Structures are given as C-alpha cells and as structure tokens.
Amino acid sequence: MPPSLQPPRVRFAPSPTGFLHVGNARTALYNWLFARHTGGAFLLRIEDTDLDRSEVRHEKQLMEDLLWLGIDWDEGPGVEGPHAPYRQSERLGIYREHTDRLLAEGKAYRCFCTTEQLEEERREAAAAHKPQVYSGRCRNLSDADSAARASRGEPFAVRLRIPDHPLRFHDIVRGVVEFPNETVSDPILVRSSGMPVYNYVVTLDDALMEITHVIRGDDHISNTPKQVAIYEAFGWKPPEFAHLSTILGSDRERLSKRHGATSVASFREMGILPEALVNYLALLGWGAEGGTRELFSREELVKEFRLERVTASPAIFDWEKLHWLNRHYLKAADPERIAELAWSYFAAAGFLAPRDEASPAAAVDAWFGRLLALFLPSANQLDELPAKAAFVFRFDPATAHANDENAALLATESAPKVLAAFAARVAAHAGSVNPEQFKTWMNEIKVETGAKGKDLFHPVRIAITGSHSGPEFDKLIPVLEDGSQLELPVHVLGVRERIEQFMGSVMGGGQ
RNA sequence: GGCGCCAUGGUGUAAUUGGUUAACACGCCGCCCUCUCAAGGCGGAGAGUUCGGGUUCGAUCCCCGAUGGCGCUACCA
C-alpha cells in the first residue's frame, strides 16, 4: 500500500500535571474526530518527563475526563499496542540509543557551555536586536576534544546541529510555514542531567509511533522547525501538521483559571452534559460545510469533520452558547439519565438522600421526575436546579414577606381578600388539593373578590411558593401535595401547610 | 528586541477556491403564548469584511505594507 493510502495515525499527548483543560480537550477531540472520520488510529501518550510535576492521580483524572467526553484511544495506557510503552518515563532507554546515533553521525554535538555563558549571550543578542540563538561556541569542537572533556567528567548537554537551510513544514490549517535557519537556535536535546528534553522526546515518539498527522495547539508552531530538523537529522519524513488556534477568554487573553472554570472536570461538576461540551468545542474553531448547522451528534461530527475546515484564528470561549447547547441537550436527553445526574445535586443540597445508599422508593423516583420537569427547561446547568427548586423544600414566609416586589404585590387592595378567601377554602377542604380543585377555587375567588389575572394569582403564588414567579400551578400543586406525603430528608410542605404558615406569619407581625 | 501565527456584526462560524441585498447560530431587542419567570413560536436591529496601497472589468477572497492581538524566544512542558 502506498504511504499516502495508509490509515492516518494521530495522538493526543498531554502531560499529567493538572486537570484536563478545555483547550486541550478540544485538541484531543479534533484528533479523535479526525481519526474516526478517516478510519485511522488515535493514540494517547502520557508526557511525563517532567517528573516533579507529573502525578499519577492527574493521569487517572485525564483518562477519566477523556472517556467522559467519549474520547477513547486505540493505543495508549490500558490499551497496549505495537508501540508500547505509551508513557515517556518508560521510554528513556529508547531516547538514549537515538541520541548516541546522532552524536556518532555528527548531527548532534556536546555543548559544555555554562548557564552563565548562555545568559550572557542572550543579553548580547537582545542588545544587538538580533535573534536570541545559541552562538555555536561548542558546535565545532573536534571529536577528540569533545570526547576527552566528556570522559574527564565535564558536564555537557547535547545539542542538535540546525541545518544550513530554511526549515519549512506543511500545516493543514495554515499552509506552508517557513523559518529562516538563522532564527532557530541549535536546540538542546538532552540536558546535562541526562534527561532528554520535551521537544526531542515528542518528536522521537511521534516518529517511532508512526504518527502521520500532528494535531496540536498553535503554541507549538515555533517549536516545529526544531522538530522538523530532528526528523531530518534521522532521515525521517516529517508528518503533516495541523496547529489549532488558542481558545481565549472574553478579554481576549488566553483562557485560564482567571476566567473561572476551565477544566473538563469542573464542567462535569457543574452539570454540563458531555454531548453539549463536545458539540460546543467542535464548533469552536471548526465549521461544517455550508456553516448553517450548529447541532451535531457525535456520529454527525465524525461524519462531517475535516481538518481542512478548521479555522486558523483564535476563538473566544462563549458561555452563553455553551449554555444554549447544554439546555438543548438537557431537554433532548433521556429523562431518567438526567434525573439520575440531577439527583446528586439535590442530595448535596440535603434535599434528597444520597442515591447510592439505597435505591430510592419508586414513588420518590417518580415524584422527583415530575419535580425536575418543572425546573429543567430554564436550567443552563444541572447545578442550578436545587436553588431553583429550593422553595419546594424550604418554605420561608418571613423572607417572602420581606421581599420588596412581593410586598408591593401583597399591598394591593384585593390581595388580602384573595388570600383570605383562598385560606378559607383550604381550611374547609379535606384531603389533598388537586389542580382541578385549585382551578375551581380560583374561579370562585375571582367572582367573589373581583380580582383577576395578576391580582388574583400573584398573592396566592407568593403565599405558596414565596415568590411571584415560578412554575405553572397545574404542575406545581401536585408536586407539592404528593411531595408532602413522601419520606424525604426534608419534609416538603403541602399547600395547606404553606398557606397556614404564610397567613400565620402575616398575623405574627411579619411586617 | 527577534521570529512566527492570526484578523468577517458583541461572540462562534458561512460565503460555488474573485461576481452574494455578506448567510446561519448564540446573545440582544420586540411581539405572541401566559397569573409570573423561564421555555417555545414569530419578527427586528446589528458587520460592508482592521487600516492603507496594489493586481483585476470586478475583491471578504490574491500580493505588499501598517496596526492590533496572540504565541515562541529555557538545560519548562
């Protein structure tokens, strides 16, 4: 099979030094989509050469986050393949062999310069308005000299000899990118400590793992000429590159913790659905042909995604649009799945018992489903739900009275009459209140007091919910009434209890 | 300072690889629905494509320059 027809191999290579950031998640997603679209392979490689900052728990978290997004890998930790191992810390021997080869072939050389010398050089270059590249002091040391100093125990780093011609590469999203060779410094490949450097290791791994397309953030563009030179030094064919633009915050600064939640884990905790985040991230820097569609399932993305349509310009992260998508998927999702997810937020608020303690009574389950239906349409994220539904669990007449808007609505001439009439009917009524009963009462009160519309409903709404706005009575009343019959960590008050407490609080001098 | 990348309404993207009244979505505004807030439905405002040159009969699109933003400039990743 000609090389061009071989299935592509791509990789996502995060360093396990923290949480998976949305920017990296997008990079992972684009890699994954490209692989799935083309029938290629997607590998996960852990870049843990920074021993001080790398942690196993971060690596675990990383993998969990990827899987949560539905991004699975064909080769990588846990799925050992032909190019194992997939952790750089386990590949150190491989790197050493290759360095020896470069040294032997004169493609790389030992550099004995001290940090002080290098700093001095950099200062001079800056002062002379010239590129800050290594002077090449050790470039032409004779082999004998170099070997002698090394065997004498003098510490050295290994540098790559940058070739004498411009370094260019092809970038699928940007076209041909070229760097004059005099602007690229002979890069250090191996530190004097013996530890290989990131840029060297990635390149070696990419080549050895037969990566055909390197899709990564555009902060690596300036590293690419050095990497291209490494490919060249070994006589390997460089891969195709695709550098993705940066995701910015609303202030056009690179998106960071300063902008609030940016890790995939935090999105999950907030109650953003993975399908919403995937859809959003796909849209942030890519547009389907025609550009008029916004809603894409995972399968549709795989079908439509093409690297050629990725945008080169940076994109600003827009919560409003993510929320719009999340609302959409919250409504589109299987209600049972949403109920299960939402449950934990209510449990955390102390409104419901933790779900894993015992499987909840079917009655509670069904009731919770109806409760959710009341508030879900207006929720951007699942974690907003308990606050929206709080009045169901915690009814507070005093606060309701204290609210200025409520007070104004209760100060009308008709409000006290309406409330008295309503309270009287509830008091005279045995058993629970159903929506039909409620409707009948409201009609009677309308005739009796002459109040209608807002004047009629608002006082009652305040008396029952503590607020002048909220879900429709038709659906709300059964939820309140049925909830009051259930065994819950917090007793849900029924309509009767609410109106009694509310009227009592008026008498008790709530004002 | 040097090198590189980028530039279409507030935001994300389109525009048969030079010919459009510059399209779609989010957001915003208004209307409808409704006791209310959302949701939902309908409609509207908002860019002449950062600026200046050039090529062309004709540039969002090609070339040059400027400006601005961002990145890299480590024995960090």
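Residue numbers start from 1 in every chain, and the chains themselves are labelled A, B, ... in the order their sequence lines are given, proteins ahead of strands. Because the structure is a prediction, the values reported are computed rather than measured.
Here, rU20(B) and rA59(B) have their P atoms 11 Å apart, quoted to the whole Å. Using C1' as the reference atom, rC24(B) and rU55(B) are 32 Å apart when rounded to the nearest Å.
Residues satisfying the salt bridge (Lys or Arg N to Asp or Glu O under 4.0 Å) test with Glu90(A), not counting sequence neighbours, are Arg87(A). The side chain to side chain donor-acceptor pair (under 3.5 Å) check on Glu121(A) picks up Ser135(A), Arg137(A), with sequence neighbours excluded. Residues forming a side chain to side chain donor-acceptor pair (under 3.5 Å) with His37(A) (at least two apart in sequence, or on another chain): none. Residues passing the side chain to side chain donor-acceptor pair (under 3.5 Å) test with Trp324(A), sequence neighbours excluded: none. Judged as a salt bridge (Lys or Arg N to Asp or Glu O under 4.0 Å), and not counting sequence neighbours, Lys446(A) has no contacts.
Proximity of Arg122(A) to the phosphate of rC75(B): a side-chain N or O atom is located under 4.0 Å from OP1 or OP2. For the OP1/OP2 pair of rU11(B) and a distance below 4.0 Å, the side-chain nitrogens and oxygens of Arg252(A) include at least one atom meeting the criterion. At rC72(B), none of the side-chain N or O atoms of Gln132(A) fall inside 4.0 Å of OP1 or OP2 (strictly under the cut-off). Contact check, Arg159(A) against rA74(B): no side-chain N or O comes under 4.0 Å of OP1 or OP2. Dashed line: the shortest gap from a side-chain N or O of Arg293(A) to OP1 or OP2 of rC26(B) is not under 4.0 Å.
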query = Given pairs defined as Watson-Crick or G-U wobble with both distances under 3.5 Å, what dot-bracket annotation applies to RNA chain B, with ( ) intrastrand, [ ] crossing, | other strand and . unpaired?
reply = (((((((..((((.....[...)))).(((((.......))))).....(((((..]....))))))))))))....

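No N or O donor and acceptor, one from the side chain of Thr183(A) and one from the base of rG2(B), sit under 3.5 Å apart. Contact annotation: side chain of Glu294(A) to base of rG12(B), donor-acceptor pair present below 3.5 Å.
Nearest nucleotide to the side chain of Asn223(A), out of rG4(B), rC72(B), rC35(B): rC72(B). Comparing rA77(B), rC35(B), rC75(B) by their closest approach to the side chain of Ser192(A) singles out rC75(B). Relative to the side chain of Lys331(A), the nucleotides rA39(B), rC72(B), rC3(B) differ in distance, and rA39(B) lies closest. The side chain of Ser313(A) approaches rC6(B) more closely than any other nucleotide in the set rA77(B), rC6(B), rC72(B). Here the side chain of Tyr198(A) is nearest to one of rG2(B), rA77(B), rC35(B), namely rA77(B). Minimum atom distance to the side chain of Thr292(A) is reached by rC24(B), of the listed rU11(B), rC24(B), rU36(B).
An aromatic stacking contact between Trp324(A) and the base of rC26(B) is absent, as defined here by ring centres under 5.5 Å apart and ring planes under 30° from parallel.
At least one test fails for Arg216(A) against the ring of Phe241(A): distance under 6.0 Å to the centre or angle within 45° of the axis. For the pair Arg159(A) and Tyr134(A), the cation-pi criterion (under 6.0 Å, within 45° of the ring axis) is fulfilled.
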